[in-house]
Participant: 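Sharing a structure below in structure tokens format, with a few things to ask.
We number each residue from 1, following the sequence as shown. Just so you know, ligand 1 is whichever comes first in the structure, and atom 1 is the first atom listed for that ligand.
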Amino acid sequence: MRPDFKRIAYVLLALGIILWGVQFSLRAAPGAPKAPPELPDVLGAFGDDAPVTTAEDWLARRAPILRGAFTRLIYGEQPKTVAPVVSARRVIDEKAFKGLARIEEWTLDVPLAHDPVRFHALVVTPRHAKGPAPVVIATNFCGNRAALAGRYKTVDRPAWAPARCRTPLQQWAAETLHGDDIIAPPFAMLAKAGYAVISFFPGEIVEDDRRLSQASLIALSADMDESQPRAGALAAWAWGYSRAMDAASADPKFDARRIALWGHSRFGKAALLAAAFDQRAAAVIAIQSGTFGATLSQTTRGESIDAITRQFPYWFSPALAESATRAELPLDQHLLIALIAPRPILLGGARMDRWSDAGNAFVAAEAANPVYALFDREGVAQPTPSRTDLSGDIAMFIRPGGHGVRPRDWRETIAFLNTHFQVEAPRPNP
Ligand code: GCU
């Protein structure tokens, strides 16, 4: 009997659609948790450390203790470093995006104990900016050349990129599933609104791959002693954001007091971590950052600690992979959010993305309010995750659709930054 290829093809197609539907419904997210988890008072005693009553107490005493705990127990130690040397600044296009912006590519060499770490940043500056431009430091998913849609062949292409970035067909599939802006920030939209963008590909610092990341992670912690917890990839990527801040704040074209960090999902986790550890980040935007981002890790209804550390052990300090530590983490992510106070934070969620559990990110954000109050700020100003109030120090929005980056995510980002950075769109000279 001859196999009926047509029928097999139909069955496979149907199976594919069913599987796609299943993974989508798994990600369907309820708005807010039914019973918000009980969290210990953010200002209460932490281990041996007495309760906190003033902003000075928080900054000088509690914050370093919390940073130490996040380093030791979850993310590992960021590399010790001095600022990078910007060893090349190449103009890629003087009048890109219909004359709106100038594109440069910077080569950043960060001196470390052994070999320097080299990575490249796309620097897109609005041409009609009056005075130093506010900056958004945004990671990209497929490397800098892909971030410019492959239009400029002289732009660096990273030695390694994730599978979904390798061919135009794979990139098209990634955009179809995860939105038009998954591969690159919308540079033109940001330039039009008056923002410079510095975009880098974290995979140039540490490959997002269990096996390949090992050598890079070991090299990054080469100057640490054995007792220090080695950085996982999230700490290394957070360190990348800080190095981009070094470069931005040394350049008079940019306003060093208005630097925002932006990241989606795994890079949203890294952006929050970077802002919690580096005070120069004046704002942070984390879209669907999920477990070990803005969402509570121990009570999440989405990705569990177990699931994330099994699939991505190299994102974390090696200690977290040991189950003993995992079972009794003495801290949760509301404390990471609190470390960013009093600076503005925007959290983005997507209705069908259950995995990143936006409801519990809202609970975490509200739990950080008492720390904002120490600085005479309100923290979260909205009553539920979806009743967005962008004037809040911590704001949240939930858009329709699934996990990914869509134009709405950037529209909310720009509106939030306009409010908190007081930016008005520049007008070209008549
Ligand atoms: C996986 C992972 C998440 C992560 C996401 C992403 O789904 O489990 O923790 O946020 O990838 O980066 O897109």
Participant: Does an N or O from W355, backbone or side chain, lie closer than 3.5 Å to an N or O of ligand 1?
Facilitator: yes
Participant: May I ask you to say whether R243 pairs ionically with D246, meaning some side-chain N is under 4.0 Å from a carboxylate O?
Facilitator: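 Yes.
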Participant: Could you say whether the N/O atoms of S265 and ligand 1 ever approach to under 3.5 Å?
Facilitator: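 There is such a contact, yes.
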Participant: Yes or no on side chain to side chain donor-acceptor pair (under 3.5 Å) for H403 and S265, after CA distance, side-chain angles and deciding distance?
Facilitator: CA-CA 8 Å; H403 192 68; S265 208; 2.9 Å; yes
Participant: Compute the ring centroids of F292 and F316, then answer whether they are less than 6.0 Å apart.
Facilitator: yes
Participant: Does a donor on one side chain sit under 3.5 Å from an acceptor on the other, for W315 and D208?
Facilitator: yes
Participant: Looking only at heavy atoms, is any part of F267 under 4.0 Å from ligand 1, and if so is it the side chain, the backbone, or both, or is it neither?
Facilitator: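 Neither part.
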Participant: At a non-hydrogen distance cut-off of under 4.0 Å, which region of W315 contacts ligand 1 (side chain, backbone, both, or neither)?
Facilitator: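 Just the side chain.
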Participant: For ligand 1, find out whether one of its N or O atoms is nearer than 3.5 Å to an N or O atom of E303.
Facilitator: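 Yes, at least one N or O pair falls under 3.5 Å.
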Participant: Applying a heavy-atom cut-off of 4.0 Å, say which part of R266 lies close to ligand 1: side chain, backbone, both or neither.
Facilitator: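 Within the 4.0 Å criterion, R266 contacts ligand 1 through backbone and side-chain atoms alike.
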Participant: Mind running side chain to side chain donor-acceptor pair (under 3.5 Å) on W237 and T139 for me, showing each step along the way?
Facilitator: CA-CA 9 Å; W237 298 334; T139 41; over 6 Å; no
Participant: For ligand 1, does I308 get within less than 4.0 Å through its side chain, its backbone, both, or neither, judged by non-hydrogen atoms?
Facilitator: side chain
Participant: With respect to K269, determine whether any N or O atom, backbone or side chain, lies less than 3.5 Å from an N or O atom of ligand 1.
Facilitator: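 In this structure, K269 places an N or O atom under 3.5 Å from an N or O of ligand 1.
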Participant: Do any heavy atoms of F312 fall under 4.0 Å from ligand 1?
Facilitator: yes
Participant: Below the 3.5 angstrom mark, is there an N/O of H264, backbone or side chain, next to an N/O of ligand 1?
Facilitator: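 Between H264 and ligand 1, no N or O pair is found under 3.5 Å apart.
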Participant: Under the criterion side chain to side chain contact (heavy atoms under 4.5 Å, CB included), I'd like the reasoning laid out for V423 against R258: C-alpha separation, chi angles, the key distance, then a yes or no.
Facilitator: CA-CA 10 Å; V423 173; R258 291 187 298 175; 3.6 Å; yes
Participant: Could you tell me whether a side-chain N or O of D332 sits under 3.5 Å from a main-chain N or O of Q298, the two making a donor and an acceptor?
Facilitator: yes
Participant: Can the ring centroids of F200 and Y241 be said to lie less than 6.0 angstrom from one another?
Facilitator: yes
Participant: Give the numbers and elements of all ligand 1 atoms closer than 4.0 Å to a heavy atom of H403.
Facilitator: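 The atoms of ligand 1 under 4.0 Å from a heavy atom of H403 are 5 (C), 6 (C), 13 (O).
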